[in-house]
Amino acid sequence: MFTKILIANRGEVALRVMRACRELGVATVAVCSTADRDALHARLADERVCVGPERPEDSYLNVPAVLSAALSRGADAVHPGYGLLAENGDFAEACERSGLAFIGPRVRHLRLMGDKPRARRIVEKAGVHVLPGSPEPLADLADARAVADAVGYPVLVKAAAGGGGRGLGVARDPDGLAAAFAVARTEGERAFGNNLVYVERYLERARHIEVQLIADRDRRVAILGERDCSVQRARQKLVSEGPAVDLARGLRTKLAEAATLAATAVGYTNVGSVEFLVEPEGAFHFIEMNTRVQVEHAVPEVLTGVDLVREGIRVAAGEALSLPAKIDVRGHAIECRVHAEPTRGGARVRAFHTPGGVGIRAESALEVGDVVWLEEGPLLAKVLAHAATRAEALARLRAALTELVIDGVPTNLTLLQRVLADPELARGPVHTDWLESHAAR
Amino acid sequence: MFTKILIANRGEVALRVMRACRELGVATVAVCSTADRDALHARLADERVCVGPERPEDSYLNVPAVLSAALSRGADAVHPGYGLLAENGDFAEACERSGLAFIGPRVRHLRLMGDKPRARRIVEKAGVHVLPGSPEPLADLADARAVADAVGYPVLVKAAAGGGGRGLGVARDPDGLAAAFAVARTEGERAFGNNLVYVERYLERARHIEVQLIADRDRRVAILGERDCSVQRARQKLVSEGPAVDLARGLRTKLAEAATLAATAVGYTNVGSVEFLVEPEGAFHFIEMNTRVQVEHAVPEVLTGVDLVREGIRVAAGEALSLPAKIDVRGHAIECRVHAEPTRGGARVRAFHTPGGVGIRAESALEVGDVVWLEEGPLLAKVLAHAATRAEALARLRAALTELVIDGVPTNLTLLQRVLADPELARGPVHTDWLESHAAR
Amino acid sequence: MLMEESGLVELEIESAGEKVRLMRGRVADGGAAASAPPTRAARREAETDGGARAITSPMVGTFHRAPAPEAAAFTEVGDVVERGQVHCLIEAMKMMNEIEAEFRGRIVKIAVENGRPVEYGEPLFLIEPV
Amino acid sequence: MLMEESGLVELEIESAGEKVRLMRGRVADGGAAASAPPTRAARREAETDGGARAITSPMVGTFHRAPAPEAAAFTEVGDVVERGQVHCLIEAMKMMNEIEAEFRGRIVKIAVENGRPVEYGEPLFLIEPV
């Protein structure tokens with residue numbers, strides 16, 4: 001096992017990783033910007049290293065500074081959490097070259113799954129159905145139009161280096177293609193420094209279901225259930241629940257098998273999840289693979305009792321997985337993301353209280369007095385409810401949200417409460433367009 | 001089911017009851033003192049009624065004011081939580097007379113189990129072994145001496161109306177009896193307005209193990225496992241864990257049977273727990289029965305998945321228990337009480353953060369800016385860790401406590417961390433004198 | 001008032017068919033109203049304000065402006081109340097507690113609607129000393 | 001200084017058997033040291049103090065007072081350093097980054113022990129302008 005892990009992240013995920021380190025008896029080094037010196041993650045770690053000025057590019061994303069912090073403090077591994085450097089192949093490679101273990105999959109897995117068209121090809125070759133679309137990244141509109149005509153409208157134009165719902169443009173017909181193309185291209189350029197795009201058939205009324213897995217160094221893949229993340233706003237997951245309900249007979253197994261095929265095809269190792277679009281009739285299509293611990297990792301954790309972050313560290317340390325002989329999924333879990341409403345400027349937290357009690361798991365690094373920068377609509381807290389049945393879990397989560405106090409910051413709490421009280425959601429699964437079409441009514 | 005419940009309590013237990021009410025779709029009325037108008041429990045309830053000035057006697061313990069609040073707001077039931085009016089038979093009776101359901105056992109159960117010597121007699125008659133001691137309440141020292149000589153030293157002198165570790169005096173020999181008698185008498189007078197005492201054989205190196213149960217209106221008793229609360233300071237439970245480890249073969253079943261006998265003997269209904277002292281060789285003795293939801297109720301809840309508070313409300317509403325056909329205890333849970341260190345004056349909370357993550361349940365109603373009155377060493381937070389094994393639960397709880405932030409208030413956190421890191425505790429069960437004799441070394 | 005003159009502290013009457021006990025808030029020690037002592041509380045709150053002063057409820061209950069459902073209100077806005085004059089009842093647990101004016105003054109505002117529940121310390125009247 | 005005069009921005013040397021690249025902190029744009037621009041940072045921090053001013057670390061790394069383990073320290077307390085004179089090295093990812101004085105002054109205090117890790121913005125020297 002490692003002796004000291006540098007956590008290259010901040011906020012609730014940094015705390016999450018810190019807990020796993022503590023349980024494993026591993027020392028922790030936190031990094032922070034000049035603005036974060038007194039943030040919770042910096043205060044709670046065994047050591048704290050300020051790696052640069054406030055701008056993320058100058059601090060948390062400053063690879064040499066982060067690596068230098070790890071080396072000068074004698075850390076032997078780096079945990080990227082999620083977001084920031086988590087899926088950055090160059091960072092992972094730089095870690096390895098500096099003799100630091102990168103806690104996550106191999107560099108090649110990050111590169112390969114980060115190149116979405118390439119990932120599509122490999123997974124398709126492995127025998128998993130992917131949506132009709134462009135086999136290669138596209139540089140110009142004409143090529144995009146050709147592919148779109150071939151697969152048929154509506155289509156999604158996606159940034160080749162994108163993911164997580166960013167860098168997406170929808171074209172319902174040929175007239176809309178140019179605009180969609182521009183969106184994907186510019187967002188891809190801005191967010192990922194890559195302006196290549198690809199085109200994919202756009203499915204309406206489909207569910208977004210992802211399968212959680214973890215694989216050890218010997219590529220033994222363990223499946224930890226699936227979750228339905230169809231409640232989305234602007235393609236951002238708002239509510240995730242597991243297990244996915246009302247699946248056609250045998251579909252759960254088929255999804256697990258497909259996820260295993262995708263992971264095995266690249267010899268995947270460590271924690272990851274495979275995203276699928278599932279049509280009402282049960283046909284399903286690979287979208288992409290997330291090569292990291294996900295924001296929603298708590299859902300499989302409470303359902304299976306497996307500590308995914310701890311297991312991920314174990315795998316990276318070359319240890320065997322300590323999973324139960326038979327992983328069984330118990331009860332039903334629903335988690336929602338409480339975000340700040342994106343707007344200009346910042347807001348100071350005046351009062352803060354996270355709900356507790358039976359079956360509730362709330363995670364946040366927010367503190368009274370914190371100034372939240374609203375522009376990006378950052379994640380403020382995650383609240384999860386676990387119960388024997390879906391109905392109980394829903395009631396429990398609704399109750400928990402009435403107890404969540406975040407005074408001073410505009411949040412999406414009201415929207416979440418409306419969504420969770422919606423009879424359509426209570427009745428059963430919804431599709432990825434549900435929330436927005438619903439709100440539109 | 002009830003339509004509106006008045007919660008006659010404050011702090012984390014008021015929030016706990018509120019959650020259960022919300023899940024059941026029942027409206028809530030909070031009571032508060034003039035000092036608590038903006039406290040979390042008052043802000044989060046559907047309605048808030050200020051029932052009097054700051055002194056508890058004038059507000060939370062002001063029976064007419066509390067009942068009047070319930071009646072004038074149209075509540076149909078009152079939940080006392082734990083402490084305050086929870087085991088007050090007169091209050092329960094006043095509720096019933098006012099047409100309000102008291103959420104707890106029947107008045108006679110409170111009266112009967114509140115009279116400790118009487119409870120001893122009844123439970124003994126039911127066939128459960130009780131410690132040798134005085135069958136009747138004692139008013140003077142001579143009687144106490146006679147009993148003490150008969151049962152043999154060391155002895156405990158207990159307030160007849162006591163409980164929860166209050167109103168206790170230990171006499172290791174005849175010379176110490178007068179002092180012990182005085183302690184029990186005066187504490188009993190002060191805390192319970194009753195100066196009668198009783199004498200009981202004092203067992204050293206025994207474990208404090210209590211059995212959790214809930215009984216419906218038809219007196220069907222369900223057992224929800226037991227917990228070991230032997231880690232005590234000044235007879236106050238500091239750490240509770242379940243299931244109790246290293247029990248002699250068959251002992252767990254015997255304890256469950258004895259608890260059932262005790263409950264059945266009085267026709268008990270609703271949530272309660274039966275306390276036993278267990279000797280190293282496995283002999284066990286009834287101490288007392290707690291006729292309410294306990295501070296430690298989270299331990300059986302996470303082990304069995306049963307929401308005890310919700311079930312208690314159901315029972316009081318005359319509904320059937322919604323328990324799983326077979327209640328199985330899963331994994332191991334350890335909970336500790338984080339108290340303020342008893343001292344003069346008050347302290348303001350400067351920073352506050354409760355740990356989260358896998359298997360952690362933290363409950364508190366503390367907020368930044370709160371002024372905590374330290375004299376009584378109030379409960380600030382409860383932190384529980386649940387895991388597959390005892391060792392994992394211990395590691396998890398240790399990690400969680402390093403994440404608990406309560407700046408500005410003197411707490412017992414350091415003591416808790418020392419206790420949970422103690423190799424003797426890690427090795428196995430300890431006895432009720434362990435912590436203090438240990439600290440003495 | 002009858003009770004004032006007679007020095008009675010308690011009086012049972014039939015009101016709207018249901019028997020209620022009438023008590024004088026200020027002397028009701030040991031009684032149901034005692035545990036939140038009305039006078040002390042009422043005075044303290046009253047003094048917290050300059051000019052027109054708020055008379056706050058000394059107990060939790062239901063606010064009644066009249067001795068009985070059909071009866072006329074004890075007071076109206078504009079009335080001058082004498083010290084010790086009853087200007088409302090607070091019903092707590094089926095008992096009617098008379099609330100008396102702490103000082104002579106003109107009622108500027110009646111803050112609570114008749115028949116509404118009131119909490120401890122809730123402003124009932126705004127009175128201008130005269 | 002050699003590098004100053006030669007206008008070199010990089011120089012490979014053998015130090016203690018292990019090859020390290022020597023870079024000039026102030027011009028190391030695009031290099032590893034670039035992403036936390038030394039000069040800007042160092043200046044800004046330096047100006048935050050009146051009288052004796054703190055020279056803070058422009059990057060994360062290990063603090064070296066001498067060019068090599070056996071060599072003499074660049075500066076000692078009491079020395080007067082010229083603007084642009086190297087007074088320490090910060091080793092970041094096997095690269096030695098020269099840190100130069102931002103202004104002429106006398107070293108009042110050396111805040112960090114030789115060979116210790118330093119974080120961004122950590123005070124290294126206290127210098128009194130002369």
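Throughout, a chain's letter reflects where its sequence line sits, starting with A, and its residues are numbered from 1. The basis for the numbers below is simple: all heavy atoms, side chains too, and nothing from hydrogens, waters or symmetry mates. Small disclaimer: the values here were computed from a predicted structure and weren't measured.
Of the possible donor and acceptor atoms, one in the side chain of B:Ser68 sits under 3.5 Å from a partner among the backbone N and O of C:Val60.
Rounding to the nearest 0.5 Å gives a distance of 9.5 Å between OG of B:Ser72 and CD of C:Glu91. Put simply, SG on B:Cys32 and CD on C:Glu119 are 6.5 Å apart, with the number rounded to the nearest 0.5 Å.
Looking at B:Arg97 and C:Met93, their side chains never come closer than 4.5 Å, going by heavy atoms from C-beta outward. Between B:Ser59 and C:Tyr120, the closest side-chain pair of non-hydrogen atoms is not below 4.5 Å.
B:Arg48 CZ: more than 12 foreign heavy atoms inside a 6.0 Å radius. The local environment of CZ in C:Arg116 is sparse, with at most 12 non-hydrogen atoms from other residues, nucleotides or ligands closer than 6.0 Å.
Between chain C and the residues B:Leu61, B:Leu67, B:Val66, the largest count of heavy-atom pairs under 4.5 Å involves B:Leu67.
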